[in-house]
S.K.: 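One structure is given below, represented as structure tokens, and several questions about it will come after.
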Amino acid sequence: MAKIVTFDQEGAVGLICIDNPPVNAISHSVRGRLVDVITRAGKNFGIKVLLITTDAELFSAGADIAEFDHPQGEPSFAQVQTMIESSPIPVVAAIRGLALGGGLELAMACHYRLAHKNAKLGMPEITLGIIPGAGGTQRLPRLIGARAALNMILSGTPISGFDAKANGLVDEVAEDDLRGAALDFCERLVREGRGPRRTSNGTVVDGLDEANITSTLRSHARALQGRTTQHLIIEAIQASKLPWSQGIAIEAGLAQKSLASRESMALRHLFFAERESARLSGTSLNAKQMQAPRIRLAAVIGAGTMGCGIAIALADAGLEVLLNDNDPAALIRSHKSINLTYASSVRRGRVTQTVADERIRRIRNAPTLEELADADLVIEAVFEDLELKKNVVSKLDSILPPQRLIATNTSTLSVTELALATAHPERVLGLHFFVPANTSRLLEIVRTVHTSPESLSTTFGIAKLLRKVAVVSGDAFGFIGNRMMLDGYFREAEQLLLEGATPTQVDTALENFGFAMGPQRVSDLGGNDVGTKARIQLFKRDTRPDPYFVIADRLTEMGRLGQKTGRGFYRYANDSREATQDPEVNSIIEKLASERGISRREIDEQEIVERCILSLINVGAMVLEEGIAARAADIDVVWTSGYGFPRHLGGPMFYADTLGLSHVLQRIRHYHEKLGHHWRPAMLIERLASASSSFEHRDRTSASP
Ligand code: 3H9
């Protein structure tokens, strides 16, 4: 049982260790204990200096985010910091691992700071839609300058111990033994008679003007699209020029404002949703508590684009990888493409050449399936053909010992049918990677009724190893993400085109809503033929009434496959990615509409957004009521991490809650009356709306399926 904060004396040094697993969050109880031990140390005249550190892997991940919905309670963060800063004897922070947000703010309230060379110091509050409200916007500019502080806070990315030393955030860097170096440092302070050095007494050496605000905002524009927190951060940092008491008061007001914003609620919802999705509903197992799987050797079957991407993802996670394909030419091509991917990572500074070479070496060819017998996990990524895949998994089943995992990367076929082609269906599941498999965040884990909890649990461990956000989906048409995309969002976008909107209008409307790319641009990028082929496979599971992607399918028939052929929903000049409108496409759409007796009209942006988003929400509710997704929050994770739904709106189901489900239902009924069957309201929405409830409440109160 952790003691939260411990106290020891080493000579003249009072040693305060934070010990609040799993991440040393500065919770209410930690703050209380800090006040206790600092008070006690103050009464011990043998103690000449205080050292705040930890024996854990990380100094602190910041304030306890789970406490943000309640009043802070005493002692507040500010009270603890004031106590530290006004201490008559010097207080030193020694940082190992991470010092994030409130963790770094605590360290900045100390008089001196040391960091291990591998430590990471950062202000990730912006990713939660809040400002660093425990003095961060006031102390950081005093230590490193207002411009550097703005950049560090807007980026949310931590800096290394060395960089922190270079910019003045820490006083010393420890090469290896942090505690030893920190004790030496403390003794030196005492010997040299150096007393407290209060950051709040310092001044900010530079200032923010319009030009550097604009250029810093521009350099983070992509991450900040549609966001508002940055403006509060700028206002707070500008206040750091004022006397301390005024600046800190302004910060406190802005911090409250940010905490109460919808943006912050949405981002905090996603923070917990992404972690919660890794809990195994319906089993007694909790993936986080399971041992990391002992996986050393993984294998991928199928050396196409997806297979190569998965092989790279596995190699990046430190595994040995065997790549199999029955076509020797495909294996040769695959290594060229793997080399190219790593060359680009080196060019972009993501990895060094040495690391890239080492990872490339770890991906080895295995021309026959028998050579995969030692693999701990095999992922098949062969062509989307049921018989071919059945054949592959059943062969694998006879080659691999029974406890080894067999995963299929299918996005369209029945994982259950594949599992039943083996004698051990409990070890078969779907791993639905997204393109590009090595960098995309999302991984849908498709469980069947036969999948064992142990297989699921191991798979979560693998997802963590791959640094992917994993969500469990039931085995059904399109799983969670594609079902909602096809039956909801994209389908409605096509319907709007048939009714008179242009591709540019639809895309622009949804980009203004916050998607990085509108649906037609996405189709052109991925290839219209890819969607057509996927729907042909999916229709073998279940069909859909016309009109259902009639435009995309017609474009495919005409060879208008998208960017790769220079024509799709748009035209693209030689090798350019820039989409220009194409009058020919309008004629194609008009013809398809008239064949179906659909009359065309002007459609405004508000209707485009409302219909696309409400249809997404409606199908999401069906996915929930059918048990394909366990929680609304899982759907939010899928859509924000895999399909570009704006994170600051929290995902489609959270967004529905913020609109109010009665309103959502009323608008869905309106479109149902006007547009017919595909707008049938989900029963779950009817039920929740009539009980004045929400998806969030359902998640909190319903038993796991
Ligand atoms: C802040 O400091 C505000 C101040 O400026 C102002 C205050 C007045 N609090 O991610 P993991 C939990 S805002 C509470 O799976 P990893 C997490 O939920 C904060 N809980 O592990 C999970 O619980 P469970 C600024 C937290 O190794 C468990 O710890 N700081 C917190 O992949 C393990 O987490 C941040 O934004 C927290 N602060 O990654 C940092 N952090 O097992 C947020 C984590 O029950 N945290 N938990 O699901 C992170 O980025 C990652 O958790 C970290 C570890 C990199 C630390």
Side-chain angles (χ1 to χ4, degrees), residues 2 18 20-31 54 56-82 95-109 119-140 149 152-153 155-158 229 232-233 236-237 248 251-260 264 267-281 285-290 292 317 441 460-461 463-470 633 637 647:
I18 305 173
N20 185 26
V23 294
N24 273 350
I26 313 290
S27 59
H28 181 238
S29 43
V30 168
R31 297 198 301 272
T54 183
E57 276 176 18
L58 79 174
F59 182 76
S60 169
D64 189 335
I65 304 166
E67 292 179 353
F68 284 2
D69 287 329
H70 314 286
Q72 244 195 56
E74 295 208 347
S76 67
F77 228 103
Q79 283 168 329
V80 177
Q81 289 170 310
T82 306
I95 297 166
R96 76 170 82 250
L98 296 168
L100 300 179
L104 183 54
E105 287 169 305
L106 183 81
M108 287 194 290
K120 296 265 179 225
L121 297 82
M123 289 281 170
E125 284 88 342
I126 188 143
T127 62
L128 298 167
I130 58 175
I131 76 165
T137 65
Q138 305 302 299
R139 287 193 178 89
L140 193 61
M152 189 166 160
I153 296 175
S155 83
T157 314
T229 320
L232 304 181
I233 289 170
I237 293 181
I248 198 79
E251 182 197 82
L254 293 168
Q256 278 312 317
K257 196 167 166 186
S258 69
L259 208 49
S264 161
L267 291 166
R268 283 185 279 137
H269 158 74
L270 285 176
F271 177 85
F272 287 113
E274 285 175 1
R275 282 146 186 90
E276 191 63 27
S277 71
R279 290 188 204 285
L280 305 183
S281 353
L285 298 171
N286 172 344
K288 289 274 170 63
Q289 290 156 1
M290 297 294 295
R441 278 189 89 217
F460 269 113
K464 185 140 185 147
L465 214 61
L466 298 177
R467 297 176 175 275
K468 305 257 181 226
V469 184
V637 172
R647 282 183 71 80

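Indexing begins at 1, ligand by ligand and atom by atom, following the structure's order. What you see is a predicted model, and the numbers here were worked out from it, not measured in a lab.
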S.K.: Short list, please: which atoms of ligand 1 are under 4.0 Å from a heavy atom of P22?
M.R.: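 Matching atoms, with element in brackets: 28 (C), 29 (O).
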S.K.: Touching ligand 1 at all, M123? Heavy atoms, strictly under 4.0 Å?
M.R.: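 False for this residue.
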S.K.: Record the part of L98 in heavy-atom contact with ligand 1 below 4.0 Å; permitted values are side chain, backbone, both and neither.
M.R.: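 It is the side chain that gets close, since no backbone atom is under 4.0 Å.
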S.K.: Test of understanding: given a 4.0 Å heavy-atom threshold, classify the contact between L100 and ligand 1 as side chain, backbone, both, or neither.
M.R.: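 It is the side chain that gets close, since no backbone atom is under 4.0 Å.
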S.K.: Please classify the V23 to ligand 1 contact at 4.0 Å (heavy-atom distances, strictly less than): side chain, backbone, both or neither.
M.R.: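 The side chain, only.
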S.K.: Under the side chain to side chain contact (heavy atoms under 4.5 Å, CB included) test, which residues partner A78, sequence neighbours left out?
M.R.: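 A78: side chain to side chain contact (heavy atoms under 4.5 Å, CB included) contacts with S76.
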S.K.: Which ligand 1 atoms, with their elements, are less than 4.0 angstrom from a heavy-atom of Q72?
M.R.: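 What qualifies from ligand 1 is 8 (C).
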S.K.: Do L58 and ligand 1 have an N or O pair less than 3.5 Å apart?
M.R.: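 In this structure, L58 places no N or O atom under 3.5 Å from an N or O of ligand 1.
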S.K.: P132 versus ligand 1: do any nitrogen or oxygen atoms come within less than 3.5 Å of each other?
M.R.: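 No.
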S.K.: Go through ligand 1 atom by atom and flag the ones less than 4.0 Å from a non-hydrogen atom of L128.
M.R.: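 Listed by number with element, the hits are 13 (S), 19 (C), 36 (O).
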S.K.: For ligand 1, which atoms, with element, lie under 4.0 Å from some heavy atom of G101?
M.R.: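 Contacts of ligand 1 toward G101, numbered from 1: 2 (O).
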S.K.: For ligand 1, is there an N or O atom under 3.5 Å from any N or O atom of A63?
M.R.: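 Yes, A63 has an N/O under 3.5 Å of an N/O on ligand 1.
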S.K.: Do E125 and ligand 1 have an N or O pair less than 3.5 Å apart?
M.R.: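 Looking only at distances, the answer is yes, because the N/O contact criterion of under 3.5 Å is met.
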S.K.: Indicate the atoms forming the closest heavy-atom contact of L58 with N24, along with that distance.
M.R.: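 The answer is O-ND2, 3.0 Å.
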S.K.: Counting from 1, what ligand 1 atoms have a heavy atom of G133 closer than 4.0 Å?
M.R.: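 The list of qualifying atoms is 5 (O), 6 (C).
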S.K.: Given Q81, E251, R275, which has its nearest heavy atom closest to atom 50 (O) of ligand 1?
M.R.: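 Nearest heavy atom to atom 50 (O) of ligand 1 lies in R275.
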S.K.: Looking at ligand 1, does any of its N/O atoms fall within less than 3.5 Å of an N/O of E105?
M.R.: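 Right, the criterion is met.
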S.K.: Give yes or no for whether the N/O distance cutoff of 3.5 Å, strictly under, is met between G102 and ligand 1.
M.R.: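 Between G102 and ligand 1 (N or O atoms, distance only) the closest approach is under 3.5 Å.
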S.K.: Relative to the heavy atoms of F271, which atoms of ligand 1 are at a distance of less than 4.0 Å?
M.R.: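 So the answer, numbered in order with elements, is 18 (O), 41 (N), 43 (C), 44 (C), 46 (N).
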S.K.: Listed by chain and number, what are the salt bridge (Lys or Arg N to Asp or Glu O under 4.0 Å) partners of R268, not counting sequence neighbours?
M.R.: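 If we apply the salt bridge (Lys or Arg N to Asp or Glu O under 4.0 Å) test to R268, skipping adjacent residues, the hits are D69.
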S.K.: Relative to the heavy atoms of G62, which atoms of ligand 1 are at a distance of less than 4.0 Å?
M.R.: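 Going through ligand 1 atom by atom, the ones under 4.0 Å from G62 are 2 (O).
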